[in-house]
Amino acid sequence: MRLTVLGADGAYPTAGGACSGFLVEHDGFRLLLDVGYATVPRLPVDPRAIDAVLIHALPGALDAVLALDRPGMLAHAYDLRAIGPGDRVDIGPFTVDSWELPHFVRNLGFRLAAGGATLAYTGDTGPSPAVVALARDADLFLAEAT
C-alpha cells in the first residue's frame, strides 16, 4: 500500500497549497481519499487514472453537486454507494471498515486494509475512545485535523 499526501491545509487552502487529500494505491488500483479543495491538480497521475473516490459527505450532499449537470449526464461515470457507521465495503483491493467519530456533523473514520497493511484515517474529529479503537494496530494512523 502506498500513500501520497496531496494537501494538508485546513478547511481552506493557503496560497499555493491544498486542503487535505490523499492518494492510496495498491496493486495498480488508485483510490482518492477525502479529496479536498485544490488536491486534484496535485495528483501525480492523470485524474482519469483514478479508480475510486472515498469521501466523507452527509446524506444528500452529493445530490446537490450532481444536480449541476444535466440529469443522468454522469450516471455512467460513477457508482455511488452510501457507507454508514460499522459498514464494511470492498473498493478494488481495499477492504474498508467505517467508524463513527465525534464531530459537529456526522463523521466517519476509515480503516483501509490491503496486502497485509492497514491505514487508519480519521477525517475531522474530536477526542474519543472511538479514535483510539480506529487506530489500534494500524500500520499507519493518519489523523486529519484543521
Side-chain angles (χ1 to χ4, degrees), residues 1-66 69 74-146:
M1 185 183 312
R2 178 182 169 154
L3 173 70
T4 302
V5 177
L6 303 172
D9 287 352
Y12 300 97
T14 58
C19 293
S20 295
F22 310 91
L23 177 62
V24 186
E25 300 173 89
H26 185 73
D27 283 345
F29 191 91
R30 295 179 176 109
L31 173 66
L32 195 52
L33 174 62
D34 209 12
V35 57
Y37 296 119
T39 56
V40 172
R42 295 174 149 232
L43 283 169
V45 298
D46 186 311
R48 293 172 290 193
I50 300 300
D51 297 294
V53 178
L54 178 60
I55 60 171
H56 303 86
L58 295 173
L62 295 177
D63 295 338
V65 173
L66 294 172
D69 291 308
L74 297 175
H76 69 284
Y78 64 90
D79 175 16
L80 187 60
R81 291 189 241 171
I83 300 173
D87 286 352
R88 172 175 277 182
V89 296
D90 292 320
I91 304 174
F94 299 100
T95 298
V96 180
D97 291 298
S98 65
W99 298 70
E100 187 162 16
L101 300 176
H103 195 41
F104 72 95
V105 294
R106 187 175 215 178
N107 180 46
L108 296 178
F110 298 112
R111 282 180 69 97
L112 287 77
T118 301
L119 165 67
Y121 178 66
T122 66
D124 286 339
T125 190
S128 166
V131 173
V132 176
L134 170 67
R136 185 170 287 121
D137 298 323
D139 295 293
L140 179 63
F141 175 50
L142 183 57
E144 202 285 342
T146 298

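Since this is a predicted model, take the numbers as computed values, not measurements. In this chain, numbering begins with 1 at the start of the sequence shown.
Between R30 and V45, the shortest heavy-atom contact is NE-CG1, 3.5 Å. Closest of all the heavy-atom pairs between P44 and T4 is CG-CG2, 4.4 Å. The two residues G84 and D87 come nearest to each other via the heavy atoms N-OD2, 2.6 Å. The two residues G123 and D34 have their closest heavy-atom pair at CA-OD2, 4.3 Å. When all heavy atoms of M1 and L119 are compared, the pair lying nearest together is SD-CB, 3.8 Å. Considering every non-hydrogen atom in both S20 and E144, the closest pair reads OG-OE2, 2.6 Å.
A distance of 11.5 Å separates CD1 of I55 from CG of L108, quoted to the nearest 0.5 Å. If you take OH on Y37 and OH on Y12, they are separated by 6.5 Å, rounding to the nearest 0.5 Å. Here the CD-CG distance, from E25 to L3, works out to 9.5 Å after rounding to the nearest 0.5 Å. Note: T39 OG1 to L6 CG = 5.5 Å, rounded to the nearest 0.5 Å.
Two residues are said to be in side-chain contact when any heavy atoms from C-beta on lie closer than 4.5 Å; L54 and V96 meet this criterion. Taking 4.5 Å as the limit, every side-chain heavy atom of L142 sits out of range of all side-chain heavy atoms of T122. Looking at heavy atoms from C-beta onward, E100 lies out of side-chain contact with N107 at the 4.5 angstrom threshold. You'll find the side chain of V24 stays beyond 4.5 Å of the side chain of R2, heavy atoms only.
Take S128 and apply the side-chain contact (heavy atoms from CB on, under 4.5 Å) test, not counting sequence neighbours, and it matches P102, A130, V131. F29 pairs by the side-chain contact (heavy atoms from CB on, under 4.5 Å) definition with L31, D51, A52, I91, P93, F94, not counting sequence neighbours. D90 meets the salt bridge (charged side-chain N to carboxylate O under 4.0 Å, His left out) test with no other residue; sequence neighbours excluded. Residues forming a salt bridge (charged side-chain N to carboxylate O under 4.0 Å, His left out) with R88 (at least two apart in sequence, or on another chain): D97. By the side-chain contact (heavy atoms from CB on, under 4.5 Å) test, V40 is found to be paired with V35, L43, P47, residues two or more places apart in sequence or in another chain being considered. For R111, there are no salt bridge (charged side-chain N to carboxylate O under 4.0 Å, His left out) partners, not counting sequence neighbours.
Taking the ring centroids of F141 and Y121, they lie at or beyond the 6.0 Å cut-off.
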